[in-house]
Amino acid sequence: MLTQKILLPRHSLKIAAAAGLMTAAAFPVQAEQWRGWNIQPPGYPNTVALETFASEVSERTEGRIEPKVYNNGVLGAQPDAIEQTRNGALDFGNFNMGPMGPMVPAANVLSLPFIFNSEESMYKLMDGEIGQRFANAMKDQGLIALGWFGAGSRSLYNSDHPIEAPEDLKGMKIRVMNNDLYVDMIEALGGNATPMAASEVYQSLTTGVIDGAENNIPTYEASGHYEVANYFSLTNHLVIPECLCVAKSSWDELSEQDRNSVKAAAELAVTEQRKLWEERTTAGRKKVLDAGAKINEVSNKAAFQELMKPVYDDFLEDHPDLASLVEDIQMAQTQ
């Protein structure tokens, strides 16, 4: 009796000849249809780069792999999409390393305030041995990190006055992402942290439910927040990379030749995304300034950094195994 092997629907049908009844030529190999998650809309730097990745993979594998990018988060919320990629229900995606923490504890290091001195420093370290350590931790959880996208540096903005020193934040209600590290950061600076969904921020700024928020310039511009909170202060307190990731289950099925093709496609996508991100940041900055927003450099960032010691102490008390990683990142930026 012939036996059959049943594969998941997203994988190609692979049928071998048995007992001389079938020939391989009668069953041409079908392309692997890869599904990719993306939260951004068409035209966004990350979206353009992901489309480049998909196109390059298809071309370089001569159609053996046909990736398709699904934009605007239509395949689910980011934490769910990360989990789906880990278990192989999705094949690839562009994920922020902030929400990666629950699945990959080492990723929480990247959410520590001022862990990177600048975007340039982040790129340099994530492209080297430090980034490989994060990639190794992700591989253990079912994700292959092919490269690191930029997401800018996050700064504070509000509707009342420029932030020049920590005391300028005293008593202000500042929206943060739902992460204890971000809550602790704002409260260490004397503000009142208010976790809320991004979709609620504009209305909350308009009605005074919050006084301000924190994000990068492209998001500040694209969301229209500059219309209701026109003081943007360059604290640059968070520089969180994003990953271009492939499901380990999908990666393991590739030949060495196709793995090299996918890696090469990812390198092109990373280069493109970083270039487009820089252009988008420049254009966004000009747009908000032309609209009347005020952007100020924070001359004494050390005053903000010094107040982060309790945040670091609490984090390392909870995660003593990550102390050496934190120290290595800090030391690499003092050399």
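All values below were derived from every heavy atom in this structure, side-chain atoms included, with hydrogens, water molecules and symmetry-related copies excluded.
- In this structure, the ring of W37 has its center less than 6.0 angstrom from the ring center of F95.
- In terms of hydrophobic clustering, with Ile, Leu, Val, Met, Phe, Trp and Tyr side chains grouped at heavy-atom distances under 4.5 Å, V104 and F116 are assigned to a common cluster.
- Using modelled atom types and a 3.5 Å distance limit, the side chains of T61 and D258 yield no donor-acceptor pair.
- Using a 4.5 Å heavy-atom threshold, the side chains of M196 and V201 count as touching.
- Remark: K301 NZ is packed, more than 12 non-hydrogen atoms of other residues, nucleotides or ligands lying under 6.0 Å away.
- Residues S250 and F92 form no side-chain contact, since every pair of their non-hydrogen atoms from C-beta on lies 4.5 Å or further apart.
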Decide salt bridge (charged side-chain N to carboxylate O under 4.0 Å, His left out) for E120 and K124; before the verdict, give the C-alpha distance in whole Å, the side-chain angles of both, and the deciding distance to 0.1 Å. CA-CA 6 Å; E120 293 75 17; K124 180 179 179 180; over 6 Å; no

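- For E129 and R133, the salt-bridge test passes: some basic side-chain N is under 4.0 Å from an acidic carboxylate O.
- With a 4.5 Å cut-off on side-chain heavy atoms, M97 and M126 do not count as touching.
- Residues S249 and G88 come closest through the heavy atom pair OG-CA, 3.4 Å.
- To the nearest 0.5 Å, the span separating CD1 on I82 from CG on N87 amounts to 12.0 Å.
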Would C243 and M100 count as a side chain to side chain contact (heavy atoms under 4.5 Å, CB included) here? Give the steps. CA-CA 10 Å; C243 74; M100 195 71 68; 4.0 Å; yes

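- The closest donor-acceptor contact from the side chain of Y123 to the backbone of P241 lies at 3.5 Å or more, if one exists at all.
- The backbone N or O of T52 lies less than 3.5 Å from no partner atom in the side chain of S55, so there is not a single donor-acceptor pair.
- The two residues A135 and A145 come nearest to each other via the heavy atoms CB-CB, 4.0 Å.
- Rounded to the nearest 0.5 Å, atoms CZ (F53) and CG (L146) are 5.5 Å apart.
- Between the side chain of D328 and the backbone N or O of L325 there is no donor-acceptor pair closer than 3.5 Å.
- With Y220 contributing its side chain and A229 its backbone, the two residues share a donor-acceptor pair below 3.5 Å.
- Ionic pairing of E267 and K263 is not present here: no N-O contact between side-chain nitrogen and carboxylate oxygen is shorter than 4.0 angstrom.
- The environment of K139 atom NZ is sparse: at most 12 non-hydrogen atoms of other residues, nucleotides or ligands sit within 6.0 angstrom.
- Separating the CD atom in E253 from the CD1 atom in I65 is a distance of 9.5 Å, to the nearest 0.5 Å.
- For I186 against V176, the heavy-atom pair with the smallest separation is CG1-CG1, 3.5 Å.
- Looking only at side-chain heavy atoms (C-beta outward), D211 and D160 stay at 4.5 Å or farther from each other.
- For the pair V109/F315, a side-chain contact is recorded, criterion being any heavy-atom separation below 4.5 Å from C-beta on.
- A donor-acceptor pair under 3.5 Å links the side-chain atoms of T206 to the main chain of Y202, judged by distance alone.
- M138 places a side-chain heavy atom less than 4.5 Å from the side chain of C245.
- The number of heavy atoms from other shown groups lying within 6.0 Å of NZ (K294) is above 12.
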Set out, in order, the CA-CA distance, both residues' side-chain angles and the distance that settles side chain to side chain contact (heavy atoms under 4.5 Å, CB included) for N71 and E51, then state yes or no. CA-CA 10 Å; N71 303 319; E51 295 289 358; 4.0 Å; yes

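- Connection of V298 to L169 is established within a shared hydrophobic cluster, with ILVMFWY side chains joined at heavy-atom distances below 4.5 Å, either directly or through further cluster members.
- Summarising the geometry, atom CD1 belonging to I163 is positioned 12.0 Å from atom CG belonging to L234; distances are rounded to the nearest 0.5 Å.
- Screening N72, V74, N94, L75 for a side chain to side chain contact (heavy atoms under 4.5 Å, CB included) involving N38 leaves a single residue, N94.
- Summarising the local packing, CD of E278 is surrounded by 12 or fewer heavy atoms from other residues, nucleotides or ligands at distances under 6.0 Å.
- In this structure, the side chain of S111 does not engage the main chain of G98 through any donor-acceptor pair within 3.5 Å.
- Using a 4.0 Å cut-off between charged nitrogen and carboxylate oxygen, R35 and D91 do not count as a salt-bridge pair.
- Taking every heavy atom of both residues into account, G152 and E119 meet most closely at CA-OE1, 3.4 Å.
- The pair E167-K170 fails the salt-bridge criterion, with no side-chain N (NZ, NE, NH1 or NH2) lying under 4.0 Å from an Asp/Glu carboxylate O.
- You'll find the side chain of E83 stays beyond 4.5 Å of the side chain of T85, heavy atoms only.
- For the pair S155 and F232, the tightest heavy-atom approach, listed with the atom from each and the gap, is CB-CE2, 3.6 Å.
- Under a hydrophobic clustering in which Ile, Leu, Val, Met, Phe, Trp and Tyr are joined whenever their side-chain heavy atoms come within less than 4.5 Å, directly or via other members, V246 and L268 fall into different clusters.
- The CD1 atom of I130 sits 11.0 Å away from atom CD of Q132, with the distance rounded to the nearest 0.5 Å.
- Linking ILVMFWY side-chain heavy atoms closer than 4.5 Å, directly or via other members, places L276 and W148 in two distinct hydrophobic clusters.
- A distance of 5.5 Å separates CZ in R259 from CG in D252, rounded to the nearest 0.5 Å.
- Contact annotation: the side chain of L125 approaches that of Q333 to within less than 4.5 Å [non-hydrogen atoms, C-beta and beyond].
- The cluster map of Ile, Leu, Val, Met, Phe, Trp and Tyr, joined by side-chain heavy atoms under 4.5 Å apart, puts V311 and L316 in the same cluster.
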Show your working on side chain to side chain contact (heavy atoms under 4.5 Å, CB included) between T281 and N216 and close with a plain yes or no. CA-CA 8 Å; T281 300; N216 54 57; over 6 Å; no

Could you go through the side chain to side chain contact (heavy atoms under 4.5 Å, CB included) check for V270 and F149 one step at a time? CA-CA 6 Å; V270 166; F149 284 178; 3.8 Å; yes

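- Residues E242 and N46 have side chains that bring a donor and an acceptor to within less than 3.5 angstrom of each other.
- In this structure, D184 contributes its side chain and L181 its backbone to no donor-acceptor pair below 3.5 Å.
- Considering every non-hydrogen atom in both A188 and M308, the closest pair reads CB-CE, 4.0 Å.
- Side chain of R154 to main chain of E214: a donor-acceptor pair is present (N/O by atom type, distance under 3.5 Å, no hydrogens or angles).
- Remark: E66 does not engage K68 in a salt bridge, criterion side-chain N to carboxylate O under 4.0 Å.
- Taking the six-membered ring where tryptophan is involved, the planes of F114 and H237 are perpendicular, since the angle between them exceeds 60° and thus also 30°.
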